[in-house]
Amino acid sequence: MAVNENLRTPIVSVMGHVDHGKTTLLDRIRGSAVADGEAGAITQHIGATEVPIENIVNKCGDPSLKDKFIVPGLLFIDTPGHHAFTSLRSRGGALADLAIVIVDINEGFMPQTIESLHILKRFKTPFVVVANKIDRIHGWEANKNLPFLATYNKQSERVRSDLDNKLYEVIGELYNIGFNSERYDRVNDFQRNIGVIPISAATGEGIADVLMILLGLAQRFLEGNLHYDAKAPGIGTVLEVKEEKGLGTTLDIILYDGIIKKGDTIVVGSLGDPIQTKIRALLKPRPLSEIKAEEKFQRVSEVTAAVGVKISAPNLDGALAGAPVRVASPDTIDAITEEIKSEIEDVQIDTDTIGITIKADTIGSLEALVNELKKEEIPIRKADVGDISNRDIVEVTAIEDPFFTVIVGFNVKILPDAKDKLQSTEVTLFLNDVIYRLIDDYKDWVKKQKE
Ligand code: GDP
Ligand code: MG
């Protein structure tokens, strides 16, 4: 076996609670390659980092492993956090093919850890759990960049048993959420058991294991999802809509299928009718060595999946984070526009029926919130993307049922004039950046009102 030219790079998302080490892990994955003198091998994308297969197998000390794998490498999305994941949709479900859930082994599960696991369960995304910060275990002797078992075997018996106990707690918490798991080297069937990898993002211990297990998961479970046609019209997801000096509004996208070229016509999801526009420039980050160059970005004429790239084009105001972006031709543009429009409308809700009002920051996170509320059988009157506005408050004020004079906002702000308005109304507002917290808060509130 060898790398299969028809398979694209799997897309990996890093999720977990704040401060448990997402950024440090991504830096380590990037940085250790720089330290190994392999910086050239790592490709910096817009919003993502690509680690090629050679780099991963070298890190594991056995270049012959390369022949065992058929994927070209791994593409890590750099905007870590469960928010990113919830907004990262593709037509089939989640945009990320694989995920890492990171948990501080000394602190255990926190709300965003649990939320991440629920999201992965819903999307059936294969993932590993990394139990981070093992270097903080009392008495731990760090062995920079060693694989986990090698460093574990060098620790004292007391330290090892301390680690084992902490690991059992993680395994117990996973069980409570409905996942069977084991330390990764004891897992025989990754379809039935989640592998838990103890690591230190700070010292690099266990990082090689993480990369190997991800490759193994990609190999075993994803082959069918990774076939792509490098000549087909590109399909991607908007990561972020960003103002750039001299360029105006731009889109950072992850392209997960096909090819996209300068001059292509694209259709992008927005809150109203989808945007139709023509690509003025495709931009990638400049290599670190050229950091002093005038322009922050390097212009390229085309890119193929999987890749993170910035699109400069006219008329991008109103484009929606999490929305689809697709290359169209004169023959396909009408059909594609209709499809994108109905994809977005499927998530938005605007009815006359009674229910609560919800707002979220992206189309993907709105979809996640709607799904969870439906599971709880909480009726929704209106669901939309954006900060909470004066108009939202006014609409809700008109509702008679006191249980539904409620606005639930996920990862959004309340605009200043809406805040003033709120003071003079009976509207109750719930804001949080964890979906399960929002739902629990609302349910608790309803219970209290009924008492
Ligand atoms: P994020 O919020 O999940 O992105 O977490 P960060 O990567 O920003 O890490 C939060 C804090 O934990 C920072 O101060 C890191 O230096 C520290 N940290 C992350 N990983 C490790 C680790 O493996 N060991 C130790 N000792 N500290 C770590
Ligand atoms: Mg971070």
Side-chain angles (χ1 to χ4, degrees), residues 12-35 44-49 51 59 76-88 96 98-120 127-152 154-155 159-160 162-164 166-167 169-170 173 183-184 196-211 213-214 239-240 252 308 321 361-362 365 411 432-434 437:
V12 187
S13 174
V14 182
M15 308 164 78
H17 200 75
V18 64
D19 283 346
H20 282 197
K22 297 177 293 289
T23 304
T24 311
L25 176 61
L26 282 164
D27 284 349
R28 173 62 55 187
I29 287 169
R30 271 193 299 262
S32 59
V34 175
Q44 198 54 42
H45 294 233
I46 295 286
T49 302
V51 186
K59 200 181 292 298
F76 290 89
I77 294 174
D78 282 347
T79 43
H82 72 294
H83 300 144
F85 195 91
T86 48
S87 39
L88 295 177
L98 294 170
I100 300 175
V101 176
I102 189 165
V103 55
D104 181 336
I105 194 168
N106 305 295
E107 200 166 86
F109 280 28
M110 298 295 274
Q112 286 170 2
T113 326
I114 297 167
E115 176 138 302
S116 302
L117 291 163
H118 281 293
I119 292 166
L120 293 170
F127 66 95
V128 293
V129 172
V130 305
N132 190 31
K133 308 197 188 184
I134 57 173
D135 62 291
R136 286 251 178 96
I137 293 173
H138 193 68
W140 185 267
E141 298 278 347
N143 296 285
K144 247 182 136 202
N145 296 331
L146 273 201
F148 169 72
L149 282 176
T151 184
Y152 177 78
K154 288 178 185 235
Q155 307 299 322
V159 169
R160 273 182 297 177
D162 213 6
L163 184 140
D164 292 345
K166 288 174 191 279
L167 199 60
E169 276 173 39
V170 170
E173 292 189 274
R183 202 173 81 190
Y184 72 104
V196 184
I197 313 170
I199 70 157
S200 165
T203 66
E205 291 163 290
I207 301 293
D209 311 79
V210 175
L211 296 173
I213 300 291
L214 287 173
L239 273 187
E240 255 187 285
D252 289 358
D361 60 334
T362 70
S365 58
N411 216 22
N432 209 310
D433 56 6
V434 176
R437 280 285 167 87

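Below, all heavy atoms of this structure are taken into account, side chains as well, without hydrogens, waters or symmetry copies. For ligands, and for the atoms within them, numbers begin at 1 and follow the listed sequence. Remember, predicted model here, so these are calculated numbers, not experimental data.
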Engineer: Counting from 1, what ligand 1 atoms have a heavy atom of His20 closer than 4.0 Å?
Structural biologist: 3 (O), 5 (O)

Engineer: Under the criterion side-chain contact (heavy atoms from CB on, under 4.5 Å), I'd like the reasoning laid out for Glu141 against Val159: C-alpha separation, chi angles, the key distance, then a yes or no.
Structural biologist: CA-CA 9 Å; Glu141 298 278 347; Val159 169; over 6 Å; no

Engineer: For ligand 1, which atoms sit closer than 4.0 Å to a heavy atom of His17?
Structural biologist: 3 (O)

Engineer: Look at atom 8 (O) of ligand 1 and find which of Leu25, Ile105, Thr23 reaches it with the closest heavy atom.
Structural biologist: Thr23

Engineer: For the residue pair Arg183 and Phe148, would you count it as a cation-pi contact if the rule is NZ or CZ under 6.0 angstrom from the ring centre and within 45 degrees of the ring axis?
Structural biologist: no

Engineer: Among Ile77, Val101, Leu25, Val130, whose side-chain contact (heavy atoms from CB on, under 4.5 Å) with Val14 holds?
Structural biologist: Leu25

Engineer: If hydrogens are left out, which of Met15, Lys133, Glu205, Lys22 has an atom nearest to atom 12 (O) of ligand 1, that is, the closest non-hydrogen atom?
Structural biologist: Lys133

Engineer: Report the part of Asp135 (side chain from C-beta onward, or backbone N, CA, C, O) that has a heavy atom under 4.0 Å from ligand 1; answer both or neither where that applies.
Structural biologist: side chain

Engineer: Any N/O/S of Thr24 under 2.8 Å from the Mg ion (ligand 2)?
Structural biologist: no

Engineer: At a 4.0 Å threshold, what atoms of ligand 1 neighbour a non-hydrogen atom of Val18?
Structural biologist: 2 (O)

Engineer: Just how far is it from atom CD of Gln155 to atom CH2 of Trp140, taken to the nearest 0.5 Å?
Structural biologist: 4.0 Å

Engineer: Apply the side-chain contact (heavy atoms from CB on, under 4.5 Å) test between Leu167 and each candidate in Ile134, Ile197, Asp162, Val196; give the one that qualifies.
Structural biologist: Val196

